[in-house]
Amino acid sequence: MNITLTPIAGGSSAGISLAGAGGLDGSFLALLQRQVETLTASLLDALPGAAGAGSFVTGRNPLLADPESAYRMMTEINRREVAYQAEYAEMREMGSEVAALRGAADRLATLDETSSDTAIAAGIDDFVAAYNAWIDRFDEALAADGLLAGTQAATVAQWELEKSIESIFHGAAGGVRGMTALGIAIDPVSNRASLDRQQLAGVLAGNRSGAVGAINDFAANFARSAELLNSDGNFIANRLANLSRVIDYIDRNKAALQMEFGLGDAARPNPEVARALAAYRAMGGAAG
């Protein structure tokens, strides 16, 4: 999207472009701050003391040489404000679900060689169910055009946890090539996990010690991966911090932005965004 404001008569150019500003991670916030400062200076140069003093009958600022472009920019800011709030709620929920998956891995780690075949199979089944619940919960959000599509923190979380399951190195010291050797498989289309109990039983019968070692190695690795994803300074926490900053900036400057750019069209969230936005507002409407 490109939006350019033509120079104001008697003042300097107030060039504004949103091209390439789809990413967050500080880029949009920095761009928005620079644009607000540039336009404010231009308005003051052209009409000292008159910025925002025009009639807003149509929701546009008539003091600008190109109020329509400014109006479109405010429409985009309105859309982003809602999108960022919805994403914040979704990312925070993802953090909670990652923590729950860590708990599932910790429970899996309690299995040992004295555990019965039935108990081991049931423990892996419970973990698979928890993992699939995570996949089902965020499948729509991570899909193309979903709320978290292209969000590095979310895609890395999905990739990291899936690769932990598929790693062939868990249990290698005991002659077992990971959880896949025990019968766990990830469907390449649905991304859901499944357990082949017959395959698991065969490995337990032939190399019980190695099988349990693989389970324990995997559980420790998976739990550590989940912990790191949620840790301070890592993917999920960083994304939440960046979202919090831009949400706070827009909130504090919304009235001033509208006075300078016009009101813009109200955001029209799709059902997915509306659901997450409702969750954000249920938090008290404040990121942090």
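The model shown is predicted, which means the values in this text are computed figures rather than measured ones.
- To the nearest 0.5 Å, atom CD1 of residue Ile250 and atom CG of residue Leu257 are 8.0 Å apart.
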Without placing hydrogens or testing angles, list every side-chain donor-acceptor pair under 3.5 Å for residues 97-110, not counting sequence neighbours.
unit_1 : atom_1 : unit_2 : atom_2 : d
Arg107 : NH1    : Gly103 : O      : 3.4
Thr110 : OG1    : Arg107 : O      : 2.6

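- Among residues two or more places apart in sequence or in another chain, the side chain to side chain contact (heavy atoms under 4.5 Å, CB included) test is passed with Ser209 by Glu113, Asn207.
- Taking OG from Ser96 and CG from Asn230, the interatomic distance works out to 7.5 Å, rounded to the nearest 0.5 Å.
- A pairwise comparison of heavy atoms in Leu111 and Val212 identifies O-CG1, 4.1 Å as the closest pair.
- Annotation: side chain of Ile135 is not in contact with side chain of Ser190 (no heavy-atom distance under 4.5 Å).
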Check the pair Phe138, Gln158 against side-chain contact (heavy atoms from CB on, under 4.5 Å), reporting the backbone distance first and the verdict last.
CA-CA 9 Å; Phe138 294 103; Gln158 182 189 40; over 6 Å; no
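- Distance check: Leu148 CG to Arg239 CZ gives 8.5 Å after rounding to the nearest 0.5 Å.
- Evaluation of the side chain to side chain contact (heavy atoms under 4.5 Å, CB included) rule for Asp126 yields no partner, not counting sequence neighbours.
- Nearest approach of Ala276 to Glu90, heavy atoms of both residues: CB-OE1, 4.2 Å.
- Remark: Glu160 CD to Arg224 CZ distance equals 11.0 Å, nearest 0.5 Å.
- The hydrophobic cluster around Leu147 extends to Val82, Val273, Leu277, counting ILVMFWY residues whose side-chain heavy atoms fall within less than 4.5 Å of a member.
- Note on residues 178-200: no pairs pass ring pair (Phe, Tyr, Trp, His ring centres under 6.0 Å), not counting sequence neighbours.
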Which donor-acceptor pairs under 3.5 Å do side chains of residues 165-176 form with protein atoms, sequence neighbours excluded?
unit_1 : atom_1 : unit_2 : atom_2 : d
Glu166 : OE1    : Lys163 : NZ     : 3.3
Ser167 : OG     : Phe169 : N      : 3.2
His170 : NE2    : Ser164 : O      : 3.1

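- Between Met74 and Glu260 the shortest side-chain heavy-atom distance does not fall below 4.5 Å.
- Between the side chain of Asn253 and the backbone N or O of Ala256 there is no donor-acceptor pair closer than 3.5 Å.
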Criterion side-chain contact (heavy atoms from CB on, under 4.5 Å) on Leu161 and Leu229, from CA distance to verdict
CA-CA 10 Å; Leu161 298 182; Leu229 287 169; 4.1 Å; yes
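- Residues satisfying the side chain to side chain contact (heavy atoms under 4.5 Å, CB included) criterion with Ser116, sequence neighbours excluded, are Thr118, Ala119.
- The line from CG of Leu204 to CD1 of Ile215 is 6.5 Å long, rounded to the nearest 0.5 Å.
- Under the side-chain hydrogen bond (donor to acceptor under 3.5 Å, both in side chains) criterion, Asp265 pairs with Tyr71, not counting sequence neighbours.
- Heavy-atom contacts from other residues, nucleotides or ligands closer than 6.0 Å to CD of Glu93 number more than 12.
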Step by step, would you call Glu162 with Asn191 a side-chain contact (heavy atoms from CB on, under 4.5 Å)?
CA-CA 8 Å; Glu162 179 178 319; Asn191 295 315; 3.8 Å; yes
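- With rounding to the nearest 0.5 angstrom, the OG1 atom of Thr180 is 10.0 Å from the CD1 atom of Ile186.
- Listed here is the closest heavy atom pair of Val203 and Ala211: CG1-CB, 3.9 Å.
- Using a 4.5 Å cut-off on side-chain heavy atoms (C-beta onward), Ile120 and Arg208 make contact.
- Other residues, nucleotides and ligands place more than 12 heavy atoms under 6.0 Å from the CG atom of Asn270.
- Nearest heavy-atom pair, Ser69 versus Asp66, reported as atom, atom and distance to 0.1 Å: OG-OD2, 2.6 Å.
- Ring pair Phe127/Tyr131 is parallel by interplanar angle, where below 30° counts as parallel and above 60° as perpendicular.
- Two residues are said to be in side-chain contact when any heavy atoms from C-beta on lie closer than 4.5 Å; Phe261 and Arg72 fail this criterion.
- Residues passing the side-chain hydrogen bond (donor to acceptor under 3.5 Å, both in side chains) test with Asp136, sequence neighbours excluded: Arg192.
- Between Arg92 and Tyr280 there is no side-chain heavy-atom pair separated by less than 4.5 Å.
- Looking at Ile124 and Val128, their side chains come closer than 4.5 Å, going by heavy atoms from C-beta outward.
- Pairs of residues two or more places apart, or lying in two chains, never qualify as ring pair (Phe, Tyr, Trp, His ring centres under 6.0 Å) while including a residue from residues 184-204.
- Smallest separation of non-hydrogen atoms from Glu272 and Gly146: OE1-CA, 3.7 Å.
- Under the 4.5 Å side-chain heavy-atom criterion for grouping Ile, Leu, Val, Met, Phe, Trp and Tyr, Leu228 is not connected to Phe218 through any hydrophobic cluster.
- With hydrogens and angles ignored, the 3.5 Å screen pairs a side-chain donor or acceptor of Asn132 with a backbone N or O of Ala193.
- Residue Met283 comes nearest to Ala89 through the heavy atom pair CE-CA, 3.4 Å, listed as atom of the first residue, atom of the second, then distance.
- Evaluation of the side-chain hydrogen bond (donor to acceptor under 3.5 Å, both in side chains) rule for Arg79 yields Glu76 as partners, not counting sequence neighbours.
- In this structure, Asp139 has no side-chain hydrogen bond (donor to acceptor under 3.5 Å, both in side chains) partners at least two apart in sequence or on a different chain.
- In this structure, Arg197 and Asp125 have side chains that are in contact, with non-hydrogen atoms separated by less than 4.5 Å.
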